[in-house]
Amino acid sequence: ALAASLRGVTKSYDTGVMALGPLDLAVRKGEFISLLGPSGCGKSTALRIIAGLTAPSSGTVRVSRHEGEVQPGHGIGFVFQEPTLMPWTSARENVRLPLKLAGVPKAEARARADEALASVGLTDFADAYPRELSGGMKMRVSLARALVTDPDILLMDEPFAALDEITRFRLNNDLLALWRRLGKTIIFVTHSVFESVYLSQRVVVMTARPGRIQADLRVETAEPRG
Ligand code: ADP
Ligand code: ADP
């Protein structure tokens, strides 16, 4: 089964920049795939198109959803490079926000937020404010916020690029463990060859602008991933 598919997708911005495509890409359910390419090649654009945040100039995008789901984007979790947390409220409240917006009752939403925080190792920091957290912890909160709605697909746009190497490596390992445990489809944008090969089963290499697929590689590892 497919989690997402793009057919002949292109994007040219109002500025005249031809950013993407044509792009053909089919992502299977449960796959952990990386989009790898130089800065400016259209990776973020591709991700935002899959998320429904940007309209393609041409082509078709299909994203599978939960049974009976009607709202576009609902089955998608998005993690940006910047954690974009609300500074005036706690980690728990930041994670609860998507559920609040979806009208989930407060007690249930709090419980689910705490569960999501636990899944990223932040049980003891639910009451902490963003300013009290390190860059890596803020990213974990951002990841918890993306997971709290239990999306089918997790889209991550260079999420760890701003972190120091050790923090980044820890987050890579924890993300891999989460993927094994939760079985979600993950599309991970990076310009790090190491990160793409370490994390994913499949690396899609993109050309410089306009972004097209140059290679679509299956990554074999001696150690089992799943
Ligand atoms: P990447 O994620 O690979 O760095 P982007 O998708 O961010 O690439 O950008 C691809 C190209 O499109 C770049 O040349 C960028 O400057 C341009 N671009 C991205 N977003 C916009 C926008 N909102 N308006 C105009 N041009 C944009
Ligand atoms: P990335 O980290 O993916 O390379 P950028 O730093 O290039 O992203 O862009 C950051 C934000 O600015 C994105 O939301 C992108 O859409 C927007 N952007 C990038 N290039 C342009 C542009 N030429 N005109 C308008 N917006 C742009």
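Just so you know, these numbers use all the heavy atoms, side chains as well, and skip hydrogens, waters and symmetry mates. First listed ligand is number 1; within each ligand, the first listed atom is number 1.
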Short version for Ala46: what comes under 4.0 Å of ligand 1, heavy atoms counted, is neither
> Which bit of Gln81 gets closer than 4.0 Å to ligand 1, counting heavy atoms only: side chain, backbone, both or neither?
Replying inline: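 Contact part for Gln81 vs ligand 1: neither.
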| message | Is there a polar contact, in the sense of an N or O pair closer than 3.5 Å, between Ala19 and ligand 1? | response |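 It does not: no N or O of Ala19 is found under 3.5 Å from an N or O of ligand 1.
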Discussion item. Tell me whether ligand 1 is touched by Gly37 - counting only heavy atoms on the residue side and a distance under 4.0 Å.
Written reply: no
Contact atoms of ligand 1, heavy-atom distance to Arg48 under 4.0 Å: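 Counting from 1, the qualifying ligand atoms are 20 (N).
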Tyr13 OH to Thr45 OG1 distance, which is reported to the nearest 0.5 Å:
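Rounded to the nearest 0.5 Å, the OH-OG1 separation comes out at 3.0 Å.
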| said: Check contact between Gly211 and ligand 1, using heavy atoms of the residue and a distance below 4.0 angstrom. | reply: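 Contact check Gly211 vs ligand 1: negative.
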Purely on distance, is any nitrogen or oxygen of Asp157 under 3.5 Å from one on ligand 1? no
query = Please, which pairs that meet side-chain hydrogen bond (donor to acceptor under 3.5 Å, both in side chains) have at least one residue in residues 136-147, sequence neighbours excluded?
reply =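 Non-adjacent pairs meeting side-chain hydrogen bond (donor to acceptor under 3.5 Å, both in side chains): Thr84-Arg145, Arg140-Asp174.
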**Q.** Proximity winner for atom 11 (C) of ligand 1, if only heavy atoms of Gly16, Ala208, Gly40, Pro38 are counted
**A.**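 Ranked by closest heavy atom to atom 11 (C) of ligand 1, first place is Gly40.
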> Sub-3.5 Å donor-acceptor pair from the side chain of Lys43 to the main-chain atoms of Pro38, do we have one?
Replying inline: yes
>> Rounded at 0.5 Å granularity, tell me how far CD1 in Ile186 sits from CD in Glu31.
In response: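 Nearest 0.5 Å value for the CD1-CD distance: 11.5 Å.
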Taking only non-hydrogen atoms of Cys41 and a 4.0 Å limit, the atoms of ligand 1 in range are 1 (P), 3 (O), 8 (O)
For ligand 1, which atoms have a heavy atom of Ser44 less than 4.0 angstrom away?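 It comes down to these atoms of ligand 1: 1 (P), 2 (O), 6 (O), 7 (O).
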- Should you measure from each heavy atom of Thr15, which atoms of ligand 1 turn up under 4.0 Å away?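 Per the distance check, 25 (C), 26 (N).
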Intermediate values then yes/no, side-chain contact (heavy atoms from CB on, under 4.5 Å), Lys11 and Arg48: CA-CA 11 Å; Lys11 178 67 184 180; Arg48 288 200 305 267; over 6 Å; no
Q.
Please check if the number of heavy atoms outside Leu101 that lie under 6.0 Å from its CG is greater than 12.
A.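 Buried by this count: over 12 neighbours within 6.0 Å.
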Exercise for review: Scan side-chain atoms only and decide if Ser200 and Ser34 contain a donor-acceptor pair under the 3.5 Å cut-off.
Suggested key: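 Checked: Ser200/Ser34 side chains pair up, N/O donor to acceptor below 3.5 Å.
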message: Is there a polar contact, in the sense of an N or O pair closer than 3.5 Å, between Val17 and ligand 1?
response: no
Q.
For the residue pair Ser58 / Thr10, report whether a side-chain donor-acceptor contact shorter than 3.5 Å exists.
A. yes
If we number the atoms of ligand 1 from 1 as shown, the ones under 4.0 Å from a heavy atom of Gly42 are 1 (P), 3 (O), 5 (P), 6 (O), 8 (O), 10 (C)
### Thr45-ligand 1 polar pair, N/O distance under 3.5 Å
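Yes; the residue has a nitrogen or oxygen that sits under 3.5 Å from a nitrogen or oxygen of the ligand.
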Output for pair (Asn172 CG, Phe194 CZ), nearest 0.5 Å, gives 6.5 Å
